[in-house]
Amino acid sequence: MTGEPWTRLLGSATPVIGAPMAGRASTPALVRAVTAAGGFGFLPAGYRSAEAVAADLVDLAATGTPFGVNLFVPGPPDIDETTFRAYARRISAEGEPYGLDLAGAPLTHDDDHWSDKIDLLVRHPVPVVSFTFGLPDAAALAALRRAGTRALVTVTSVAEALAARDLGVDGLIAQGTEAGGHSGVHDPSRPASPTSTRPLVRDVVAATGLPVLAAGGVAGPGDVRDLIAVGATGVVVGTLLLRTDESGANRTHRDALADPARTTTVITRAFTGRPARGLRNTFIDRYEPAAPLGYPELHHLTRGMRAAAAAAGHPDRVHLWAGTGYRHARTGSAAAVVEGLTAVL
């Protein structure tokens with residue numbers, strides 16, 4: 001299969017790509033399992049220090065596993081103290097069962113250790129680095145490419161895709177509205193009209209001529225086949241891997257994905273201040289109407305509550321990220337998921 005487009009871009013035997021699910025859902029074990037089954041795994045660097053990412057690089061290098069790394073592109077502060085404080089007070093009762101003072105939490109903005117991670121990946125290059133939430137600066141992109149790394153950017157519209165192409169990236173990840181977790185929209189204050197993955201891939205391929213990975217709404221092998229048919233170079237899978245043996249998703253999240261009472265996913269910014277798709281729960285119902293934009297400030301505000309709720313088995317205070325195909329997430333090995341998705345190719 002050396003002539004296949006996914007092999008040329010990623011070196012993988014199949015077009016299935018393991019999504020870089022931040023928050024430790026995508027573990028080194030999951031990356032290894034996806035790759036061993038013929039796919040290509042991505043390691044998430046979001047929310048982690050450069051030292052923690054470096055430890056995972058060593059872990060994966062020890063087994064000779066080829067993989068990519070995903071970085072969150074930092075943006076400017078977009079929430080003021082008054083707006084932040086009003087929301088912190090509004091949700092303060094949700095922290096009380098865990099001894100947390102959300103109303104008094106500090107407003108925290110950071111760049112997710114951006115420079116440290118770029119420096120790390122220049123010193124210890126990987127085959128592919130992908131960027132989410134925007135375009136990397138030209139200097140960072142040039143440094144990674146000099147190190148021999150191919151660069152991909154997540155896009156949610158043709159306009160974003162053209163901007164990424166003009167920057168000189170090697171490929172794109174077209175994320176449709178069905179995708180679980182955070183939207184990669186470059187400017188969340190001006191979200192594009194929701195676009196399904198299939199037409200988005202078709203339009204981005206036609207507009208840019210670059211290799212395009214499809215992300216969002218994959219529920220089975222038919223979706224993989226159809227996305228390849230409209231021009232995708234590969235298909236990114238995340239939610240379908242959340243309940244596998246190698247996933248790092250917490251038990252509360254895993255159980256919620258299989259709970260028949262959880263009947264729908266919605267896009268919310270209530271947990272992190274940035275649009276993200278997850279299972280509908282009480283926290284979203286209560287606070288979404290008042291939730292401001294403000295990432296990563298709201299992420300830091302609710303992070304302790306979410307961790308405590310997950311540990312206590314309280315799903316209605318947890319960000320239950322999931323794409324629209326969540327009903328098809330199964331237990332068992334990640335390898336079985338990858339193999340099942342390529343059965344019709």
Side-chain angles (χ1 to χ4, degrees), residues 5-6 8-12 14-22 25-26 31 34 39-46 67-73 126-136 141 144 149-188 191-192 194-218 223-224 226-228 230-241 274-277 321 323 325 341:
W6 49 85
R8 294 194 297 272
L9 181 66
L10 303 171
S12 59
T14 76
V16 175
I17 296 101
M21 296 177 286
S26 292
V31 173
V34 169
F40 187 85
F42 269 91
L43 182 73
F67 61 98
V69 172
N70 174 255
L71 298 176
F72 289 166
V73 178
V126 296
V128 183
V129 168
S130 65
F131 299 93
T132 301
F133 300 157
L135 301 177
L141 179 62
L144 290 170
T149 296
R150 293 184 293 281
L152 310 178
V153 167
T154 301
V155 299
T156 62
S157 68
V158 169
E160 291 176 353
L162 291 171
R165 182 201 63 183
D166 292 347
L167 184 64
V169 302
D170 299 284
L172 304 166
I173 302 167
Q175 183 194 51
T177 191
E178 302 95 337
H182 281 111
S183 167
V185 63
H186 293 187
D187 181 359
T195 304
S196 188
T197 306
R198 200 171 304 171
L200 179 63
V201 168
R202 181 195 61 221
D203 293 347
V204 167
V205 169
T208 68
L210 290 174
V212 176
L213 308 182
V218 178
D223 296 312
V224 175
D226 292 348
L227 288 164
I228 296 297
V230 297
T233 294
V235 177
V236 181
V237 177
T239 303
L240 294 188
L241 297 169
R274 197 177 225 285
R277 182 176 292 279
W321 297 154
L341 288 171

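Keep in mind that the numbers below use all heavy atoms, side chains included, and drop hydrogens, waters and symmetry copies. Numbers here are sequence positions counted from 1.
- The shortest non-hydrogen separation linking Ala164 to Val155 is CB-CG1, 4.4 Å.
- Thr154 places no side-chain N or O within donor-acceptor distance of the main-chain N or O of Ile173, the cut-off being under 3.5 Å.
- Every residue was checked against the side-chain contact (heavy atoms from CB on, under 4.5 Å) condition with Ala206, not counting sequence neighbours, and none meets it.
- Taking Leu240 as the reference, Val218, Val237, His328, Val337, Leu341 meet the side-chain contact (heavy atoms from CB on, under 4.5 Å) condition, with sequence neighbours excluded.
- Nearest heavy atoms, Ala232 versus Ala214: CB-CB, 3.9 Å.
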Check: Given the rule in the side-chain contact (heavy atoms from CB on, under 4.5 Å) test, do Ile228 and Val235 qualify, once you have shown the distances and angles that lead to the verdict?
Finding: CA-CA 8 Å; Ile228 296 297; Val235 177; 4.2 Å; yes
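- Every residue meeting the ring-ring contact (aromatic ring centres under 6.0 Å, His included) condition with Phe42, not counting sequence neighbours, appears here in chain and number order: Phe40.
- Shown here are the side-chain hydrogen bond (donor to acceptor under 3.5 Å, both in side chains) partners of Asn70, two or more places apart in sequence or in another chain: Ser130, Thr132.
- Nearest approach of Ala19 to Gly238, heavy atoms of both residues: CB-CA, 3.7 Å.
- Between Arg198 and Asp223, the closest side-chain pair of non-hydrogen atoms falls below 4.5 Å.
- A 4.5 Å side-chain heavy-atom check between Met21 and Leu241 finds at least one atom pair inside the cut-off.
- Remark: Gln175 engages no residue in a side-chain hydrogen bond (donor to acceptor under 3.5 Å, both in side chains) (not counting sequence neighbours).
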Notebook entry, point to check: Are Leu152 and Leu172 close enough, and set up right, to give a side-chain contact (heavy atoms from CB on, under 4.5 Å), and what steps lead you there?
Noted result: CA-CA 5 Å; Leu152 310 178; Leu172 304 166; over 6 Å; no
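- Judged as a ring-ring contact (aromatic ring centres under 6.0 Å, His included), not a single pair has a partner in residues 151-175 (not counting sequence neighbours).
- When every heavy atom of Ala161 is checked against every heavy atom of Val204, the shortest pair comes out as CB-CG1, 3.8 Å.
- Across all their heavy atoms, Thr195 and Pro199 have their closest contact at CG2-CG, 4.4 Å.
- Evaluation of the side-chain hydrogen bond (donor to acceptor under 3.5 Å, both in side chains) rule for Thr197 yields Glu178 as partners, not counting sequence neighbours.
- Two residues are said to be in side-chain contact when any heavy atoms from C-beta on lie closer than 4.5 Å; Leu9 and Leu213 meet this criterion.
- Partners of Val205 by side-chain contact (heavy atoms from CB on, under 4.5 Å), not counting sequence neighbours, listed by chain and number: Val201, Val212.
- For the pair Leu135 and His186, the tightest heavy-atom approach, listed with the atom from each and the gap, is CD2-CE1, 3.9 Å.
- Listed by chain and number, the residues in a salt bridge (Lys or Arg N to Asp or Glu O under 4.0 Å) with Asp170 are Arg145 (sequence neighbours excluded).
- When the side-chain contact (heavy atoms from CB on, under 4.5 Å) test is applied to Pro136, the partners found at least two apart in sequence or on another chain are Trp114, Phe131, Leu141, Val153, Leu167.
- Between the Thr239 side chain and the Gly323 main chain, a donor and an acceptor come within less than 3.5 Å of each other.
- By the ring-ring contact (aromatic ring centres under 6.0 Å, His included) test, His182 pairs with Phe133, Tyr295, Trp321, sequence neighbours left out.
- Distance OG/Ser183 to CZ/Arg277: 10.0 Å, rounded to 0.5 Å.
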Notebook entry, point to check: After noting the C-alpha distance and the side-chain angles of Leu144 and Arg150, does the key distance pass the side-chain contact (heavy atoms from CB on, under 4.5 Å) rule?
Noted result: CA-CA 8 Å; Leu144 290 170; Arg150 293 184 293 281; over 6 Å; no
